[in-house]
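Here is the naming used below: chain letters follow the sequence lines, and residue numbers restart at 1 for every chain. In what follows, every heavy atom counts, from backbone to side chain, and hydrogens, waters and symmetry copies are set aside. As the structure is a prediction and not an experimental result, all values here were calculated from the model.
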There are 2 protein chains.
Amino acid sequence: MLRVILIEDDPDVREMLSLIINDTEGFSCLRSFADCESALPLIEKETPDVVLMDIDLPGMSGIEGVRRLKGTLPHLDIIMLTVQEDDDSVFNSLCAGASGYLLKSTSPARILKSISEVANGGAPMSSSVARKVVTSFKPQSPSPLSPRETEVLRMLCEGQNYKAVSEALFISGHTVRMHIKNIYKKLHVHSRGEAVKKAVHNRFI
Amino acid sequence: MLRVILIEDDPDVREMLSLIINDTEGFSCLRSFADCESALPLIEKETPDVVLMDIDLPGMSGIEGVRRLKGTLPHLDIIMLTVQEDDDSVFNSLCAGASGYLLKSTSPARILKSISEVANGGAPMSSSVARKVVTSFKPQSPSPLSPRETEVLRMLCEGQNYKAVSEALFISGHTVRMHIKNIYKKLHVHSRGEAVKKAVHNRFI
DNA sequence: GATACAATTACCCAAATGGGGTATTTTGAA
DNA sequence: TTCAAAATACCCCATTTGGGTAATTGTATC
């Protein structure tokens, strides 16, 4: 029996979901709340298996709610259930610790399936959300750096200095400097920190 | 009609998948190959809708194959279909540009569903893979840095130097240096580059 | 009140870094 | 074969950085 708690400010949606969950074999909606403030203390008491969480809530946002819940109950599985489909909502939710992300257009059957999926170690996502997540891994822009420069930059990211790089690549320190100067020029940066940030961010390394 | 090409070195698996795809309404397996070397030139000719790609192949790996295919056909949807379940295989595949990742234990019905899903902008993944992907967004360790140090580190990541930071935060250059020294100590690093990398990687900023 | 931690200011020094320039050789693509 | 890019190597010098040490203040928390 999967024990679910629901946080959703729209009373109609809340009621409907609660009924659907309770009317299905193997699922039980322990309680439902209209906001995080009232929900959080009780969730920590009741320790449900899964929480369905809206994002746009009065008071504390659902994302902040996730952050706090995961702080006290790291093993709790939380599925976002929201109309928000923008990158920020998705990525901030996942960074906060949500284990799934469904759009409100999701069918009741799919929601129930997602609840059992998340409880079994899955990460149910609406397909457009999943694509966003997967695409975020792919470097968006091709690296402007030559293979050698990429190699040098990778070592800079490890915190190696000129000398270490030159010894590792069997080239002189002068050459390392030249590569680094070219890297800075190509990335439009003027320091190591910026270069590392850009490299990590754009996945050049 | 979804046009599929299959790359899989096991003849039995290849045959079976090919039959299943061709025997299903709305799907067509244009061709199948045992390795990337022979597949790539023909895929660029036939421009299928979806490619099913194994990872462990003779010669070029499936991951490298994805990288090359996405280089020439950026809009092609590729689903990895493999026994490999380790983090490296998953993340390298997605970084290379795969749009989906299924384990070989996936049922034929689910594979067919995934093909249409990926063609419709989704990102089908086996549930354990999806959880890996989602979990990778969550910072594993809470930041050990004080708020002020976090602020300083954020500016270092922007490529600001001591003076710029001190002016922006209305503190003396000496204080900035002290903060940075403490940051290095807490993060166990010895240079700006390393600190930036660690900060970005662990999402301290 | 005591203790602990964060934030702040201060100084010294050696090493690393960034910016400017120039030049040769190798490699690969047109 | 010709040309461009990449990789190699070198010079000078001002500035930045990293490491060490120490002291003061405020704000918590105990």
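- Shown for residues 151-162 of chain A: residues whose heavy atoms fall under 4.0 angstrom of DNA chain C, namely A:N161, A:Y162.
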Anything under 3.5 Å between a donor and an acceptor, one on a side chain of residues 15-22 of chain A, the other on a protein residue two or more places apart or in another chain? List them.
from	atom 1	to	atom 2	distance (Å)
A:N22	OD1	A:C29	N	2.8
A:N22	ND2	A:S18	O	3.4

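- If you measure from atom CD of B:E167 to atom P of D:dT16, you get 11 Å, rounded to the nearest angstrom.
- The stretch residues 191-200 of chain A touches DNA chain C through A:S191, A:R192, each having a heavy atom within less than 4.0 Å of the strand.
- Axis deviation across the helix from C:dG1-D:dC30 to C:dA30-D:dT1 amounts to 70°, comparing end segments of five pairs, rounded to 10 degrees.
- Position along DNA chain D of the nearest nucleotide to A:P147 versus B:K163 favours A:P147 as the more 5'-ward residue.
- One can place CZ of B:R148 at 14 Å from P of D:dT27, the figure rounded to the nearest angstrom.
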Anything under 3.5 Å between a protein N or O and an N or O of nucleotides 20-29 of chain C, put it in a table, one pair a line.
from	atom 1	to	atom 2	distance (Å)
C:dG20	N7	A:K181	NZ	3.2
C:dG20	O6	A:K181	NZ	2.6
C:dG21	O6	A:K181	NZ	3.4

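- Proximity of A:Y184 to the phosphate of C:dG19: no side-chain N or O atom is located under 4.0 Å from OP1 or OP2.
- OP1 or OP2 of C:dT8 has at least one side-chain nitrogen or oxygen of B:H179 nearer than 4.0 Å.
- Among the protein residues, B:H190 comes within range of the sugar-phosphate backbone only, with heavy atoms under 4.0 Å from sugar or phosphate atoms but none that close to a base.
- Within residues 168-175 of chain A, the residues that have a heavy atom under 4.0 Å from DNA chain D are, in order of number, A:I171, A:S172, A:H174, A:T175.
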